[in-house]
Amino acid sequence: MSTTPSGTPSSTTTGATRAEYCVIACAEAWRDNGEVLASPMGLVPSFGARLAKRTFSPDLLLTDGEAMLVGLDGTAEGWLPYRRHLTMVTGGHRHVMMGASQIDRFGNQNISCIGDWERPARQLLGVRGAPVNTLNNPVSYWIPKHSTRVFVERVDMVSGVGHDRAEAAGVTRFHRLPRVVSDLGVFDFGGPDRSMRLASLHPGVTVEQVRAATGFELAVAGEVPYTREPSAEELRLIREVIDPKGLRDREVRV
């Protein structure tokens, strides 16, 4: 049993878990992408990319994360040297799904440090490839625990470039942030001035819960739909083929 956005009881038709809705939501990020390299970071995005390739995005290219293109069973299908990988990045032929230690309403992402740059309270991964990713190819985000610590009014440091900064710098030609997926719902940037908007709720979640867990004013337009139901075949693939060990439940705990 779940609840509608207004809080009234509702039931899902598939018996899918929250983690499985997250896999579906991540998979949808690569719908209609064609022959591009999926670069998912994290278990649930990886399962989503594999599900997308097995179902509605068969042209999607998968990688072992290091140097090889791989098939659905993980068998190496081709070599992907680093120089070629960089060419795909700068040419827009890759769709990354990154994580975020912080993200703000315009999609600016921080994975570098928490606190003031000169004396941070916590050192994180560093900027890494986030600026180049966000300015050259589509970048979506996966956040397994939605909270006000992650969804913040202003990030402490910009790693991935958001809509406001890309526009101010005049570098919007290849800048695209298709979606943010969290354990509570799916978000796009269809709000005022390309700010973050609640696109769908995972069953069992209310708009009020999402607002309470978000550290900025989130755009909400009308009645918010639910994240789509997985089909019986998609559930079978997730449970029996893609993640038979149930590792998805380690990232999404309800």
*asked:* For residues 240-254, which residue pairs pass the side chain to side chain donor-acceptor pair (under 3.5 Å) check, not counting sequence neighbours?
replied: Glu20-Arg248, Trp142-Glu251, Asp243-Arg248

*Would you find a donor on one side and an acceptor on the other, under 3.5 Å apart, between the side chain of Asn33 and the backbone of Val36?*
no

*Between the side chain of Gln109 and the main-chain N/O of Gln102, is any donor-acceptor distance below 3.5 Å?*
no

_Can you list everything that forms a side-chain contact (heavy atoms from CB on, under 4.5 Å) with Pro192? Sequence neighbours excluded, please._
Ser195, Ala219

*asked:* Looking at every non-hydrogen atom in both residues, tell me the closest pair between Ile143 and Ala100 and how far apart they are.
replied: CD1-CB, 4.2 Å

*With no hydrogens and no angle check, is any side-chain donor or acceptor of Thr214 less than 3.5 Å from a backbone partner on Phe216?*
no

*Hey, what do you get for CG (Leu72) to CZ (Arg50), rounding to the nearest 0.5 Å?*
10.0 Å

*Look at the side-chain heavy atoms of Ile, Leu, Val, Met, Phe, Trp and Tyr, link any pair under 4.5 Å apart, and say whether Leu135 and Phe189 land in one connected group.*
no

*Any residue meeting salt bridge (charged side-chain N to carboxylate O under 4.0 Å, His left out) with Arg197, in chain and number order, not counting sequence neighbours*: Asp188

*Restricting to pairs with a member in residues 27-52, which pass ring-ring contact (aromatic ring centres under 6.0 Å, His included), not counting sequence neighbours?*
Trp30-His95

Extract all donor-acceptor atom pairs below 3.5 Å that involve side chains of residues 159-175 and protein atoms in other chains or at least two apart in sequence.
from: Ser159; atom 1: OG; to: Ile111; atom 2: N; distance (Å): 3.2
from: Asp164; atom 1: OD1; to: Asn108; atom 2: ND2; distance (Å): 2.8
from: His175; atom 1: NE2; to: Val161; atom 2: O; distance (Å): 2.8

*Between Val180 and Val186, is any pair of side-chain heavy atoms under 4.5 Å apart?*
no

*Return the set of residues passing side-chain hydrogen bond (donor to acceptor under 3.5 Å, both in side chains) with Ser200 (not counting sequence neighbours), or none when no residue passes.*
Thr227

_With Glu153 via salt bridge (charged side-chain N to carboxylate O under 4.0 Å, His left out) - residues at least two apart_ = Arg105

*With sequence neighbours left out, write down each residue that passes side-chain hydrogen bond (donor to acceptor under 3.5 Å, both in side chains) with Ser182, or none if nothing qualifies.*
His146

*Counting heavy atoms not belonging to Arg194, are there more than 12 under 6.0 Å from its CZ?*
no

*Is there a donor-acceptor contact under 3.5 Å linking the side chains of Asn133 and Arg94?*
yes

*Please indicate whether Asp59 has more than 12 foreign heavy atoms, meaning atoms of other residues, nucleotides or ligands, lying under 6.0 Å from its CG.*
yes

_Phe106: hydrophobic cluster co-members (side-chain, 4.5 Å)_ = none

*Heavy-atom pair with the smallest gap, counting every atom of Ala49 and Pro40*: CB-CG, 4.0 Å

*With Arg228, which residues qualify under side-chain hydrogen bond (donor to acceptor under 3.5 Å, both in side chains), at least two apart?*
Glu28, Glu234

*Which atom of Gly204 lies closest to which atom of Gln209, heavy atoms considered*: O-OE1, 3.6 Å

*Look at the side chain of Arg31 and the backbone N and O of Phe56, then say whether any donor-acceptor pair between them is shorter than 3.5 Å.*
no

_Same apolar cluster (I L V M F W Y, side chains within < 4.5 Å links), Phe187/Val96_ = yes

*Side chains of Cys22 and His202 in contact at under 4.5 Å (non-hydrogen atoms)*: yes

*asked:* Can you confirm whether Ile103 sits close enough to Tyr141 that some side-chain heavy atom of one is under 4.5 Å from a side-chain heavy atom of the other?
replied: yes

Contacts under 3.5 angstrom, residues 113-125 side chains, donor-acceptor by atom type, not counting sequence neighbours:
from: Asp116; atom 1: OD2; to: Glu118; atom 2: N; distance (Å): 3.0
from: Gln123; atom 1: NE2; to: Ser112; atom 2: O; distance (Å): 3.1

*Apply side-chain hydrogen bond (donor to acceptor under 3.5 Å, both in side chains) to Glu233 and list each qualifying residue two or more places apart in sequence or on a separate chain.*
Arg236

